[in-house]
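A short write-up of the structure that comes next.
Below, read A as the first sequence line, B as the second, and so on, with proteins coming before strands; counting in each chain starts at 1. Worth knowing before you read on, the calculation uses all heavy atoms, side chains too, and leaves out hydrogens, waters and symmetry mates.
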Protein chains: 2
Amino acid sequence: MNKRGRNQTEPAKSAISIQDVADEAHVSIATVSRVLNNPEVVSAATAAKVREVIQRLGYVPNPFAQGLITRASRVLCLALPDIHGEFYSGLIRGADAKAHELGYHLLVSSEARGGPGATRAERSTGLALGLIDGLAIMITEPGDQAWTTAAESGTPVVLIDMEAQRPGVDCVLVDNAVGAAEATRHLLAGTPAASVFFVGGASENFDTRARAEAFASEVGRAGVALPENQISYGTYNVEWGYTWMQERVKTGRAVGIGVLAGNDEIAMGIVQAAEDAGIRVPGQVRVVGFDDTRIASLLRPKLSSVRVPLQDVGAAAIAALAARLEDPQRPPSITRLATSLVVRESSGG
Amino acid sequence: MNKRGRNQTEPAKSAISIQDVADEAHVSIATVSRVLNNPEVVSAATAAKVREVIQRLGYVPNPFAQGLITRASRVLCLALPDIHGEFYSGLIRGADAKAHELGYHLLVSSEARGGPGATRAERSTGLALGLIDGLAIMITEPGDQAWTTAAESGTPVVLIDMEAQRPGVDCVLVDNAVGAAEATRHLLAGTPAASVFFVGGASENFDTRARAEAFASEVGRAGVALPENQISYGTYNVEWGYTWMQERVKTGRAVGIGVLAGNDEIAMGIVQAAEDAGIRVPGQVRVVGFDDTRIASLLRPKLSSVRVPLQDVGAAAIAALAARLEDPQRPPSITRLATSLVVRESSGG
DNA sequence: CGCTATGATGTAAACCTTTTCATCCAATCT
DNA sequence: AGATTGGATGAAAAGGTTTACATCATAGCG
């Protein structure tokens, strides 16, 4: 009965296959496959019987065999520079939710080492090329070319968060400029243009640059000749914000200013340095953060911040990937997600 | 030359295969395979030539074909109740790092719907059974049985964070009791036993119970007859902490107490409610959080908290899974990670 | 010189599924 | 009645890799 002539004495190690189901239901494997993938072409009676057997045997199709034929795994990869912290966490959550919604699995990766080279171990450490149906990758710095390997190998790629989209590639980008400009104008409304500052993270970072440029543009429009002088670059952490503010306190230039921080952590550092120096926020110093992570609303004073829709970014990237997989011929899409100012307490009325 | 007799006029859509490499290098596919997987059995000259061709053609083995034979994908799945926030973020980071270190890919999933039933879409939405080599799943509540499906199908499973390990299954568990007891003793050292409280999250949660029990045990030892009366359950968020403290403020029982919170967010709510009522922390109220997430050290006053080595938990789960895959016969392992008190400002000296 | 190890390589089966094509039977039409 | 259509199903190929087994040449040995 069993066409594969299995040795009945040895315990069946391998999972049951479509052949087992076919044998048990007295049909061919083709029919079993059809019940699963094309139910409308098989008679109701046969379908019912096959389904019963599938249920009873707990049959699950082998994804490798399926992938070998369909050349699809329903696995998408999300590659990020890091996966820690509120920022990336939100992105992953959005991507995960959308992936599940669309029936995909999500592979996350914080490293994109490897490539076509070398040993098996090395290769498997990098991107799971060939296994994944598509790659959503976040690029924050110019040199980053990890995605080209994937693109060249024919894997659909979606670029996240780049300011400058590449022609011919689907992109999801965050419109840092809108929110940064809005926040700058908010500060300019109550503080002299010459006393408004931008304290950003790494200057190589795309987001940093875009935010800084929008800031400079607004401050320049407000009449400052060299707005670049009011911009500082550092690192995206609390310490840098604290250091920057401390420096101003020391030199007696800490009061009566307005600061747009590169992210919420920097903003937090600035606020803490001010408070430690007995300077009131927002009374004597006004501060606006960036990203609007969870801590912004938890801090006291509650931190005004430029909201970046992180979950939407993750979801949009997955959606774009799915759309490309469904229609490889569609023209490259550019999804632009806006940022917007959320005014709380740290920036005053 | 090309044994598969490809139509040369049509653009080669499919990726290049082992056959292409074999043809180009004038060897059999078996030799190519050996160069990749068993280099020591093939002559140096042949190996060099094959490697050159592989390099030149950019050949990458098809993971589906490999998986079909080897029954392995080098993909591990980490299933969590949610993937948002500092807590899960740390766990994922630890798992991701360890997975890369060991040469595995990491699939994350915040939902474990599906099972052997029904349509293709439904199935693919759940666990990627058959595709993944192993599953690390976090169980926080008793009813949770998502993992049994995987275990029954023969997929190796590692349970994370359960207080009560299941016999025969690899477990990674967090020793909540140690840290909770330590924190409780810390509070008891400066506050009367009758004025020390535990404000936890959901009572069904394994962690919550373990923490509450350790608390009760210590307070009982300190002479309180019914320590349970000093335990409250709610939700793991800021609001619940705030509400709890506000209630005590209203009824005039807010001063001179010590509180062990179920997590850092609850602790933060308690601190904020106290401050809003003009009550000093740690002067009049002492607070200790749990989990020691990033915010703990960022808050003012800096929050004392029980550190849970989240990254280590994630890493340990992946390590246990990898060990099981390498040796399916090894006895079930139990990795117990300790928690410990980190004293900062919110709990006083 | 002939026989046997031995090392290098090739052949072919197996892994499991999807899908095209062929087959078969019953029902409809002329 | 004979031809035709259509629905349901089966047979078989294809997809790319690993690996057991077969083959072959060469070197070593008696």
- Message: Heavy atoms from C-beta onward define the side chain here; which of D/dA11, D/dT17, C/dT17 lies closest to that of A/Tyr59?
- Response: C/dT17
- Task: For A/Ile54 and C/dT17, give me the distance from atom CD1 to atom P, rounded to whole Å.
- Result: 10 Å
- Message: From CD of B/Glu40 over to C1' of C/dT9, roughly how many Å is that when rounded to an integer?
- Response: 15 Å
- Quick one: list whatever passes side-chain hydrogen bond (donor to acceptor under 3.5 Å, both in side chains) with B/Asn62, sequence neighbours left out. none
- Task: Enter the inter-axis angle for the ends of the helix from C/dC1-D/dG30 to C/dT30-D/dA1 (five pairs per end, rounded to 10°).
- Result: 60°
- First of A/Ala30 and A/Leu68 reached from the 5' end of DNA chain D, by closest nucleotide: A/Ala30
- Query: Which part of the nucleic acid, if any, lies within contact of B/Thr31, taking any heavy atom under 4.0 Å across all strands shown: a base, the sugar-phosphate backbone alone, or nothing?
  - Reply: sugar-phosphate
- Item | Side chain of A/Val27 - closest among C/dG10, C/dT17, D/dG10 | D/dG10
- Nucleotide C/dT17, atom C1' - distance to CG of A/Asn37 in whole Å: 9 Å
- Spacing between B/Ile69 atom CD1 and C/dT17 atom C1', to the nearest angstrom: 14 Å
- Return the set of residues passing salt bridge (Lys or Arg N to Asp or Glu O under 4.0 Å) with B/Arg34 (not counting sequence neighbours), or none when no residue passes. none
- With A/Glu152, which residues qualify under salt bridge (Lys or Arg N to Asp or Glu O under 4.0 Å), at least two apart? none
- Does a side-chain N or O from B/Thr46 land closer than 4.0 Å to OP1 or OP2 of C/dT9, or not? yes
- Note on the structure: dist A/Thr155:OG1 -> A/Arg324:CZ (nearest 0.5 Å) comes out at 13.0 Å
- Task: Can you figure out which of D/dA14, D/dG16, C/dA12 approaches the side chain of B/Ile29 most closely?
- Result: C/dA12
- Can you check the A/His26 NE2 to D/dA8 C1' distance for me, whole Å? 18 Å
- Item | Nucleotide of C/dG10, D/dA11, C/dT18 approaching B/Arg34 most closely (side-chain heavy atoms) | C/dG10
- Item | Residue-phosphate contact under 4.0 Å: B/Gln66 side-chain N/O, D/dG16 OP1/OP2 | no
- Message: For A/Ser110 and B/Asp96, which I'm curious about, is there any donor-acceptor pair between the side chains at under 3.5 Å?
- Response: yes
- Query: Looking at residues at least two apart in the chain, or sitting in another chain, which of them share a side-chain hydrogen bond (donor to acceptor under 3.5 Å, both in side chains) with A/Arg56?
  - Reply: A/Glu24, A/Glu52
- Item | Exam field: side chain B/Arg336 to backbone B/Val172, donor-acceptor pair closer than 3.5 Å | no
- Message: Just the rounded figure in Å: distance from C1' of C/dC16 to CZ of B/Arg71.
- Response: 8 Å
- Can you check whether B/Ser17 has a side-chain N or O nearer than 4.0 Å to OP1 or OP2 of D/dG16? no
- Between C/dT17, D/dT19, D/dA8, which one does the side chain of A/Ser43 approach most closely? D/dA8
- Task: Answer yes or no: does a side-chain N or O of B/Thr70 lie under 4.0 Å from OP1 or OP2 of D/dT18?
- Result: no
- Query: To the nearest angstrom, how far is A/Asn62 atom CG from C/dT18 atom P?
  - Reply: 10 Å
- Query: Which residues pass the side-chain hydrogen bond (donor to acceptor under 3.5 Å, both in side chains) test with A/Asp133, sequence neighbours left out?
  - Reply: A/Ser73
- Message: How many whole angstroms separate atom CD of A/Gln19 from atom C1' of D/dA12?
- Response: 13 Å
